[in-house]
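Convention: sequence-line order gives letters A, B, ...; per-chain numbering from 1.
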Amino acid sequence: MKIKVKVSRFDPDKSPERYFSEYELEVSEGMTVLDGLIWLKENADPTISFRYSCRMGVCGSCAMMINSYPHLACHTQILEITKSVLVLEPLCNHANVRDLICDFSAFFEKHRTIKPHLLREDAEKLDLTGEISQTPQELESYLQFSYCIKCGICVAACPTCATDKEYLGPQALAQAYRYTQDSRDAGGDKRIEAAAEGHGIHHCHYAGACSEACPKGVDPAFAIQLFRKQMVLRSLGLKETRPPAGEMPPMTLNPKPNIPKPPEPTIK
Amino acid sequence: MGRLRDNRLGIAGWGYAGRYGFERYAYFFQRLTGLGILLYFSLHIFVTAYRAFGEQAWTRVMSGVDKPFFKLGEYMLFMAVAYHALNGLRVLFSELGLFMGKPIRPVYPYETSLKRQRPLFFIVMALAGVIIVMGGLDLIRYFRP
Ligand code: SF4
Ligand code: FES
């Protein structure tokens, strides 16, 4: 089946305005938008620019607006979207660098603001061969939010991001909750401080578009509300701050029966 | 930075941005009604300030606003307040993590907290609808006493 593909083009060296290029594409069952773009780049126009890496919905680099909805190009089959016209544009609410490519430096800067790593004072003293204990329940309480691949789709869907350039955005705020909720972490206060800033968590009003669009089922809007609940409980003194989970001896010291021994190290 | 094209949707993006669920539109109407109520408050302060200029000025301005146009405006305000208050309550509940369930494993097809809180969304919208209809009956009585 032949369809028409309209690709948003932007080259700051040529013009400050964007325009659309139109192509014809022979589509087959199961063909993804990324497959289509690669075919067009090889056969119709080598100047189309777009980002991709893994081609399997893992790296998060191929996010774009596909017929006005943010999707991962490698994760979206063309025939599920259209049988006539496919319109490809760069992600909304991000700065456009070239054709379908967006600049993610502001996005990652916001991600860094909320300190997306385990924070604990005894980090230097931990035995690096050991493990930190965590119950399955503790794991389940944040696991969903740890599947984020930083594709930026939630930011494109968010109506607050549509007008507020400084807003931390669903991705960073959801990760603030993900790390604060982790029983191995003790940096909640620092993240709350970062999230409560002027353009922070209070600008979310649960429009929920981020959660609907997220290609990994992360539900960032939910994480934001849970984080907000935690902020309220902490400020009212209703949630006791716990020390981060303690260390466990390395499993190898006390293996379960029936588990074969690991091979001897090859490098001494 | 001049080489980057700002691709933010702007205010138009509050209204429409793609095929999203009800909650994104509820967000838009919450902002719209919020601005409408703010506009009413400024007019309200302006009108009631006439009280300071004596009884005559007050009666004159009050008879000036006792017109069908202003009655309709008042009803629109009533609708805005009913919606804003009830939807605001839903957002408040959500912000306290209520009626949204627990985090789950993201297994395809993904289910989000939006789906779990949707019954609450429909309940508050139905309540707002009932209040708006009752106010409408009152408005009809004004036009056809
Ligand atoms: S939360 Fe979802 S949509 Fe947002 S960056 Fe992470 S994976 Fe992408
Ligand atoms: S190319 Fe990696 S997510 Fe699409």
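- With chain A as partner, the option from B:Ser94, B:Gly21, B:Ala26 having the largest number of non-hydrogen pairs under 4.5 angstrom is B:Ser94.
- Counting only N and O atoms by type, the side chains of A:Ser61 and A:Arg51 include no donor and acceptor under 3.5 Å apart.
- At a 4.5 Å heavy-atom cutoff, the contact between A:Pro215 and chain B is made by backbone atoms alone.
- Counting heavy-atom pairs closer than 4.5 Å to chain A, the top-ranked of the candidates B:Glu95, B:Lys115, B:Glu23 is B:Glu95.
- Looking at A:Ala157, the atoms closer than 4.5 Å to chain B (heavy atoms on both sides) sit in the backbone and in the side chain alike.
- Two residues are said to be in side-chain contact when any heavy atoms from C-beta on lie closer than 4.5 Å; A:His71 and A:Val33 fail this criterion.
- A side-chain N or O of A:Gln134 and one of A:Asp182 form a donor-acceptor pair less than 3.5 Å apart.
- Looking at A:Leu91, only its backbone comes within 4.5 Å of chain B, counting heavy atoms on both sides.
- Between B:Phe78 and B:Tyr75, the angle of the ring planes stays under 30°, which puts this pair in the parallel group of the 30/60° scheme.
- Contacts of A:Val232 with chain B are made by side-chain atoms alone, with heavy-atom separations under 4.5 Å and no backbone atom involved.
- Side-chain contact between A:Leu100 and A:Met65 is absent, with no heavy-atom pair separated by less than 4.5 Å.
- If you measure heavy-atom distances from A:Cys158 to chain B, the contacts under 4.5 Å come from the backbone alone.
- In terms of heavy-atom pairs under 4.5 Å with chain A, the best-connected choice from B:Val91, B:Asn7, B:Asp6 is B:Asn7.
- Residue contact with chain B, scored on non-hydrogen atoms closer than 4.5 Å, involves the side chain of A:Tyr147 exclusively.
- Side-chain N/O atoms of A:His111 and A:Gln171 include a donor and acceptor closer than 3.5 Å.
- The candidate with the highest count of non-hydrogen atom pairs below 4.5 Å against chain B, out of A:Ala221, A:Ser68, A:Cys92, is A:Cys92.
- With a 4.5 Å cut-off on non-hydrogen atoms, A:Phe145 touches chain B through its side chain but not through its backbone.
- Heavy atoms of A:Asp219 lying under 4.5 Å from chain B belong exclusively to its side chain.
- The aromatic rings of A:His205 and B:Tyr27 sit tilted relative to each other, their planes meeting at an angle between 30° and 60°.
- A:Ile201 is listed as a side-chain neighbour of A:Ile224, based on a closest heavy-atom distance under 4.5 Å.
- Neither the backbone nor the side chain of A:Asp11 comes within contact range of chain B, judged by heavy atoms closer than 4.5 Å.
- With rounding to the nearest 0.5 angstrom, the OG1 atom of B:Thr33 is 6.5 Å from the OH atom of B:Tyr83.
- Within the model, atoms OG of A:Ser146 and NZ of A:Lys216 stand 11.5 Å from one another, a figure rounded to the nearest 0.5 Å.
- Proximity to chain A is absent for every atom of B:Gln30, based on heavy atoms less than 4.5 angstrom apart.
- For A:Ser141, the part sitting under 4.5 Å from any heavy atom of chain B is the backbone (N, CA, C, O) and nothing else.
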